[in-house]
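Labels below follow one simple rule: chain letters A, B, ... track the order of the sequence lines, proteins then strands, and each chain is numbered from 1.
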2 protein chains.
Amino acid sequence: MTSQVQIDQRVKSFIAACRQHGIKATQQRMEILRELASTEEHPDAETVFARVRKRLPTISLDTVYRTLRTLEENEIISRVGSMRERARFDANTAPHHHFVCSDCGLIGDFYCDELQGFPPPPEVADMGSVDSVYIELRGRCRACQIKRDRTE
Amino acid sequence: MTSQVQIDQRVKSFIAACRQHGIKATQQRMEILRELASTEEHPDAETVFARVRKRLPTISLDTVYRTLRTLEENEIISRVGSMRERARFDANTAPHHHFVCSDCGLIGDFYCDELQGFPPPPEVADMGSVDSVYIELRGRCRACQIKRDRTE
DNA sequence: TCCTATTTAGTAATAATTCGTATTTACACA
DNA sequence: TGTGTAAATACGAATTATTACTAAATAGGA
Ligand SMILES: [Mn+2]
Ligand SMILES: [Mn+2]
Ligand SMILES: [Zn+2]
Ligand SMILES: [Zn+2]
């Protein structure tokens, strides 16, 4: 899927991005990014650690976690799902979706028929069968927008 | 928003649902459901615990967690966000969404322009500003479907 | 070359959730 | 209306992913 040339290219542009963001293009960061860019399986931190360790035997798990966070903050990689927050529960059984404020954690319901009856694209059928659609709109709630405007 | 009568009705139908599912309608379960049905704020386990405790002072946090899981398994309530245990990372920066197998955790990419440019409904604009759309199709991957067919 | 951000190692802290187990309780049925 | 029993609870302890200390070593990059 992803050729060696493409991966090398990605790492190269990462080095440029580091300069832009003012962070160092360390060996560890480059190898962690290379590992992630080489797979489509969306690995977890432990998996990345185990694989990068083959090439950089002294790397620490701590560095992997720290680096993944740094890369995410700089929007070089992303995280699947909404981990690292506690589980939130919902007794509303009507079909609906959520707006989530990424500053304060507010969760609001909204209803949308178009999204509700959305047909899964054919490429998904190849992967498996879908039994539910989870949709989350992420942004900043009114209150947090105001709060943010005041502090800058 | 939700009237006392409606909440009582919900608890009453929960008792019937318990009979259906073959689980016991305990005081704890009823109060936990009542608490969730009384709010639109999608509380976490600790919050439910704190509130239910006012009415059932001897309830344990463990019971709250266990009950929320039971209610979720019986599809009486739902969980906002992902229930995954470890964070998963992604170096694919192209706009895309995910198919997630709830049996084995497989995560696959898919692309869909209609979803991509989807306009947030007006009720969402009242809540705040949206900066990203997170979509996850949940189901069972090919391999897990086969595995499941064999064991039943 | 040299300054300093970053990594390492190794341990400890957190924090959400789950487990072990003795005890209690819901409820089917006698 | 009592009673037996599987299911559920309470409580503390355990687990697990992740983050936080530290001090000393390393290595980017100007
Ligand atoms: Mn909701
Ligand atoms: Mn992806
Ligand atoms: Zn907010
Ligand atoms: Zn699967």
Side-chain angles (χ1 to χ4, degrees), chain A residues 11-35 42-50 52-74 76-77 79-89 105, chain B residues 11-12 14-33 35 42-50 52-74 76-77 79-89 105:
Chain A
V11 172
K12 223 174 91 185
S13 72
F14 166 65
I15 296 173
C18 283
R19 195 155 299 136
Q20 267 217 346
H21 292 287
I23 65 172
K24 290 185 178 178
T26 66
Q27 213 63 38
Q28 291 87 345
R29 284 174 177 167
M30 286 191 289
E31 289 309 315
I32 287 167
L33 177 68
R34 178 189 302 282
E35 200 51 57
H42 307 82
D44 60 27
E46 285 277 2
T47 304
V48 171
F49 174 59
V52 168
R53 215 210 297 230
K54 287 177 191 160
R55 271 169 290 134
L56 294 179
T58 67
I59 198 170
S60 69
L61 180 58
D62 184 31
T63 296
V64 173
Y65 272 109
R66 196 166 4 81
T67 300
L68 289 171
R69 215 163 2 116
T70 304
L71 296 181
E72 192 194 359
E73 280 161 5
N74 291 94
I76 290 159
I77 66 169
R79 180 184 297 250
V80 184
S82 47
M83 281 300 298
R84 210 70 314 260
E85 53 194 44
R86 35 222 313 197
R88 302 276 292 264
F89 299 89
Chain B
V11 173
K12 224 174 93 186
F14 167 66
I15 296 173
C18 282
R19 194 156 300 133
Q20 268 218 345
H21 292 288
I23 65 173
K24 292 182 179 177
T26 65
Q27 212 62 38
Q28 292 86 341
R29 283 174 177 166
M30 287 190 288
E31 289 309 315
I32 287 165
L33 178 69
E35 199 50 58
H42 306 83
D44 58 28
E46 285 277 3
T47 303
V48 172
F49 174 59
V52 170
R53 217 215 286 237
K54 288 177 191 161
R55 269 169 291 135
L56 293 179
T58 67
I59 198 171
S60 68
L61 180 58
D62 179 39
T63 295
V64 173
Y65 272 109
R66 194 167 6 82
T67 300
L68 290 171
R69 210 160 10 110
T70 304
L71 296 182
E72 191 194 359
E73 280 161 6
N74 291 94
I76 290 160
I77 65 168
R79 178 185 299 250
V80 184
S82 86
M83 72 222 77
R84 241 156 289 119
E85 59 296 333
R86 309 147 97 108
R88 302 276 293 265
F89 298 90

Between D/dT18, C/dT6, C/dT8, spot the one nearest the side chain of A/T58, thanks.
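Nucleotide nearest to A/T58's side chain: C/dT8.
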
State which of D/dA10, D/dA17, C/dT7 makes the closest approach to the side chain of A/T63.
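Side chain of A/T63 sits closest to C/dT7.
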
How close or far is atom [atom2] of [N] from atom [atom1] of [X], stated in whole angstroms?
X: B/R53; N: D/dA10; atom1: CZ; atom2: P; result: 11 Å
X: B/R29; N: D/dT9; atom1: CZ; atom2: P; result: 5 Å
X: B/H21; N: C/dA26; atom1: NE2; atom2: C1'; result: 18 Å
X: B/F49; N: C/dA15; atom1: CZ; atom2: C1'; result: 15 Å
X: B/R88; N: D/dA17; atom1: CZ; atom2: C1'; result: 14 Å
X: A/D44; N: D/dA17; atom1: CG; atom2: P; result: 9 Å

For A/V64 against A/A45, the heavy-atom pair lying closest together
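In terms of heavy atoms, the two residues are closest at CG1-O, 3.7 Å.
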
Restricting to side-chain contact (heavy atoms from CB on, under 4.5 Å), what partner residues turn up for A/F14, sequence neighbours left out?
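With neighbours one apart ignored, the set is A/C18, A/R29, A/M30, A/L33, A/L71, A/I76.
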
Counterpart residues, side-chain contact (heavy atoms from CB on, under 4.5 Å), relative to B/E73 (two or more places apart):
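Residues passing side-chain contact (heavy atoms from CB on, under 4.5 Å) with B/E73: B/R69.
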
Where along nucleotides 20-30 of chain D does protein come under 4.0 Å, by heavy atom, of base (B) or sugar-phosphate alone (S), with - for untouched nucleotides?
SB------BS-

By salt bridge (charged side-chain N to carboxylate O under 4.0 Å, His left out) - contacts of B/R66 (at least two apart)
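Testing B/R66 for salt bridge (charged side-chain N to carboxylate O under 4.0 Å, His left out), a comparison that skips the adjacent residues, returns B/D62.
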
Test salt bridge (charged side-chain N to carboxylate O under 4.0 Å, His left out) applied to B/E46 - qualifying residues, sequence neighbours left out:
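If we apply the salt bridge (charged side-chain N to carboxylate O under 4.0 Å, His left out) test to B/E46, skipping adjacent residues, there are no hits.
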
Pick the nucleotide of DNA chain C nearest each of A/A87 and A/T67; which residue has the one closer to the 5' end?
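Nearest-nucleotide comparison on DNA chain C picks A/T67.
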
Please name all residues satisfying side-chain hydrogen bond (donor to acceptor under 3.5 Å, both in side chains) with B/Q28, sequence neighbours left out, ordered by chain then number.
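Partners of B/Q28 under the side-chain hydrogen bond (donor to acceptor under 3.5 Å, both in side chains) test: none.
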
Contact class for B/R66 vs. all strands (heavy atom < 4.0 Å): base, sugar-phosphate, or nothing?
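Base, at least one base heavy atom under 4.0 Å.
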
Quick one: is A/Y65 getting a side-chain N or O under 4.0 Å of the D/dT18 phosphate, OP1 or OP2?
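So the side-chain polar atoms of A/Y65 do come within 4.0 Å of the phosphate oxygens OP1 or OP2 of D/dT18, strictly under.
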
B/E31 and B/I59: side-chain contact (heavy atoms from CB on, under 4.5 Å), yes or no, with the steps?
CA-CA 10 Å; B/E31 289 309 315; B/I59 198 171; over 6 Å; no

